[in-house]
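The next block holds one structure in the form of structure tokens; read it before the comments.
Letters A, B, ... mirror the listed sequences (proteins, then strands); counts begin at 1.
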Amino acid sequence: MYGLADCNNFFVSCERAFQPELEGRAVVVLSNNDGVAVARSNEAKAMSIKMGTPFFQLRPMVESGALVVRSSNYKLYGDLSARVMNILRSSVPKIEIYSIDEAYLHLEGIPHEKRREFCAELVRKVRRGTGIPVSIGIAPTKTLCKVANHFAKRYPGYRGVCAIDTEDKRRRALELTPIGEVWGVGWRGAPKLRKLGVETAADLVGRPEAWIRSRMGVGGVKTWLELRGTAVIGEETDERRQSICTSRSFAELVYDKEELKSRVSDFAAMCAKKLRKDGSVAGCVSVFLGTNRFRDDLPQYTHFEHNPLKQATNSTISVVGAAVQALERCWREGYGYKRAGVVVTDIVPEESMQGDLFEEDPAMREREAMLSELIDRFDSADGQMLKLASQNEGLYSYGIRREHCSKLFTSDWNELMEIH
DNA sequence: TCTGGGGTCCTAGGACCC
DNA sequence: TCTGGGGTCCTAGGACCC
């Protein structure tokens, strides 16, 4: 049996944890650049505000006082996530963190008849310890946990915990679950299935395997099996990420090559830092850029350029250098760029890195490693940052709009805890 | 005027092998 | 007009997730 612990409206709940005056109000958290809604309180959902709604469409509601918005504050969300996960980890035999606000709990060893009460106590414990409301769905497969979690969230009567632990409950739950809500059936898949007469999860489960296979591929068969109670989505064994991406949209269009180069250098430096944090090296650095696709009055251009390295690396100098080379190949004069990013791939553990037989200057690599270490040390010190001259002079958030930050934006965790 | 960021997995098709 | 059969590996792009 698994339990899926999922924080309710996570980013909004994080904002509320330190701003109790937001309780009971319609609140939306915006994406980077104050672009679109990425989290909504129940009150905001009740106003039919959809995920991904552009901020400018919400502005009238903000001005009338009906809605409160906040720019996203990922430092805060990361800190609160870590605290929630720590409480979960210390309470069950094992957890698998699935995303910033979700984790699967392994519930073996907890007697069947005590599972619900155990999880109910866990919900209270997380709330007491962090201020974050969480819901838990209990079921024999991960896909059914998602279904159970939906019920736990939607109906207050469950008080945050719902279990699908009998054949009868499973059948009834699937009948009440619209096909579009099923994990693994996306917004493209749902209309297609409805056209074929599949309205609910129960309808899907009622079709033969071959029907699923031919229309939905192997992913569909997995979902089908999981909904029937056969666990096929196992544990993610490979901890190491296969790609790391740092990308941003800009508040204003960028026409200047040197300007874009300094921002891409920043993104590359961030990728290198993430690699070092993971103890990884990457064998390929890629850069992409794009114009504003909503401006059909302007010429459009997007491009993605790979730059495979002779030797895998996590050095800031090497990753930035490779990114700048790739950018040179991407760049086209005369376009206003709205977005750019750096992706590093072909990631392997630092220890198992292949040497370069024809390396010309091994000492160079060592010097670069020392410089990277220095950069990491500076970063961890208070607000100070050591950067290459090719990078932006300002913060990583330079050129990104964040006009609705909560006042606690710059606070560190200890300050936040005191206030709490 | 203003429209996010960071991931994973699967599939189809091409290149190549015997 | 006719022109095999059976593999593997890689990659780009699509679909999905939060």
Side-chain angles (χ1 to χ4, degrees), chain A residues 4 6-11 28-40 50-60 62 69 71-74 77-78 81 97-104 142-143 146 149 180-193 213-223 232-234 236-253 267 270-271 274 278 284 286 288 290-298 302-306 308 336 338-347 396-397 399-404:
Chain A
L4 171 62
D6 191 326
C7 300
N8 305 350
N9 315 327
F10 183 55
F11 294 172
V28 156
V29 173
L30 301 172
S31 63
N32 247 334
N33 229 23
D34 293 344
V36 303
V38 292
R40 304 155 295 155
K50 301 275 175 279
M51 199 75 160
T53 306
F55 173 48
F56 66 86
Q57 292 176 7
L58 301 173
R59 191 165 282 150
V62 177
V69 295
S71 300
S72 38
N73 184 345
Y74 290 103
Y77 311 151
S81 171
I97 296 175
Y98 180 73
S99 73
I100 192 166
D101 71 331
E102 280 175 78
Y104 286 100
K142 292 182 173 177
T143 307
K146 281 276 181 187
N149 197 284
E181 267 178 34
V182 173
W183 198 37
V185 178
W187 63 276
R188 276 165 201 277
K192 195 173 117 191
L193 286 168
R213 177 72 182 90
S214 66
R215 286 164 185 81
M216 302 172 69
V218 302
V221 174
K222 277 188 190 169
T223 298
V232 291
I233 298 176
E236 209 39 71
T237 46
D238 189 7
E239 294 280 300
R240 202 167 295 275
R241 286 182 282 189
Q242 295 172 33
S243 68
I244 292 173
C245 171
T246 307
S247 73
R248 291 289 181 278
S249 293
F250 309 128
E252 272 116 35
L253 296 180
F267 302 156
M270 183 59 90
C271 286
K274 291 176 184 171
D278 288 3
C284 182
S286 308
F288 63 88
T291 49
N292 186 344
R293 65 187 198 282
F294 297 101
R295 290 289 299 270
D296 43 21
D297 55 324
L298 295 178
T302 61
H303 200 71
F304 200 108
E305 192 74 41
H306 299 289
K338 175 66 177 171
R339 186 160 177 259
V342 174
V343 188
V344 294
T345 49
D346 298 0
I347 290 173
Y396 281 111
S397 54
I400 293 155
R401 195 181 296 117
R402 308 182 88 188
E403 289 170 0
H404 306 274

Any base atoms under 4.0 Å from [X], or only sugar-phosphate, or nothing? Heavy atoms, all strands.
X        : value
A:Gln242 : sugar-phosphate
A:Ile244 : sugar-phosphate
A:Val185 : sugar-phosphate
A:Lys192 : nothing
A:Arg240 : nothing
A:Tyr98  : sugar-phosphate
A:Gly341 : nothing
A:Thr246 : sugar-phosphate
A:Gly219 : nothing
A:Phe55  : nothing
A:Asp101 : sugar-phosphate

Q. Should the pair A:Phe304 and A:His306 be assigned to parallel (<30°), tilted (30 to 60°) or perpendicular (>60°) ring geometry?
A.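 A:Phe304 and A:His306: tilted rings.
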Q: Could you check whether the rings of A:Phe267 and A:Phe250 sit parallel, tilted or perpendicular, using 30° and 60° as the cut-offs?
A: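 It falls in the parallel class, under 30°.
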Which of the following nucleotides, [options], is nearest to the side chain of [X]?
X        : options               : result
A:Asn32  : B:dC2, C:dC18, B:dG5  : B:dG5
A:Arg295 : C:dC17, B:dC2, B:dG5  : B:dC2
A:Glu102 : B:dG4, C:dC18, B:dG6  : C:dC18
A:Arg213 : C:dC18, B:dT11, B:dT1 : B:dT11
A:Ser249 : B:dG5, B:dT8, C:dC18  : B:dG5
A:Asn292 : B:dT3, B:dG7, C:dC18  : B:dT3
A:Phe56  : B:dT11, B:dC2, C:dC18 : B:dC2
A:Arg241 : B:dT8, B:dG4, C:dC18  : B:dT8
A:His306 : C:dA12, C:dC18, B:dG5 : C:dA12

Rounded distance (Å) that lies between atom [atom2] of [N] and atom [atom1] of [X]:
X        : N      : atom1 : atom2 : answer
A:Tyr77  : B:dG5  : OH    : C1'   : 14 Å
A:Ile97  : C:dC17 : CD1   : P     : 21 Å
A:Asp6   : C:dC18 : CG    : C1'   : 9 Å
A:Leu193 : C:dA15 : CG    : C1'   : 13 Å
A:Arg248 : B:dT3  : CZ    : P     : 15 Å
A:Phe11  : B:dG6  : CZ    : P     : 12 Å
A:Glu181 : C:dC16 : CD    : P     : 16 Å
A:Asp34  : B:dG4  : CG    : P     : 11 Å

Q) Between A:Ser249 and A:Asn33, is any side-chain donor less than 3.5 angstrom from a side-chain acceptor? A)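 Not at all, the side chains of A:Ser249 and A:Asn33 share no donor-acceptor pair under 3.5 Å.
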Side-chain N,O ([X]) to OP1/OP2 ([N]) below 4.0 Å:
X        : N      : answer
A:Ser31  : B:dT3  : no
A:Arg339 : B:dT3  : no
A:Trp187 : C:dC17 : no
A:Ser243 : B:dT8  : yes
A:Lys222 : B:dC10 : yes
A:Lys146 : C:dC18 : yes

Q | Heavy-atom check, side chain of A:Asn292 versus side chain of A:Leu298, under 4.5 Å | A |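 A:Asn292 vs A:Leu298: side chains apart.
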Q.
Quick one, A:Met51 and A:Arg40 - any side-chain contact, counting heavy atoms below 4.5 Å?
A.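 Side-chain contact under 4.5 Å: yes.
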Q) How far does the P atom of B:dT3 sit from the matching atom of C:dC18, given to the nearest Å? A)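 Here B:dT3 and C:dC18 have their P atoms 25 Å from each other.
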Q: For side-chain contact (heavy atoms from CB on, under 4.5 Å), just list the numbers for A:Lys338 and A:Leu253, CA-CA rounded to whole Å, side-chain angles, deciding distance to a tenth of an Å, and then say yes or no.
A: CA-CA 5 Å; A:Lys338 175 66 177 171; A:Leu253 296 180; 3.8 Å; yes
Q) Yes or no on side-chain contact (heavy atoms from CB on, under 4.5 Å) for A:Phe11 and A:Asn73, after CA distance, side-chain angles and deciding distance? A) CA-CA 8 Å; A:Phe11 294 172; A:Asn73 184 345; over 6 Å; no
Q.
So that I can tick it off, tell me whether A:Asp278 and A:Arg240 are bridged by a salt bridge, with the cut-off set at under 4.0 angstrom between side-chain N and carboxylate O.
A.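 Here A:Arg240 does not pair with A:Asp278 in a salt bridge, since their nearest N and O are not under 4.0 Å apart.
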Q. Which residue, A:Val218 or A:Phe250, contacts DNA chain B at a nucleotide closer to its 5' end, judged by nearest heavy atom?
A.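 First, find each residue's nearest nucleotide; the 5'-ward one identifies A:Phe250.
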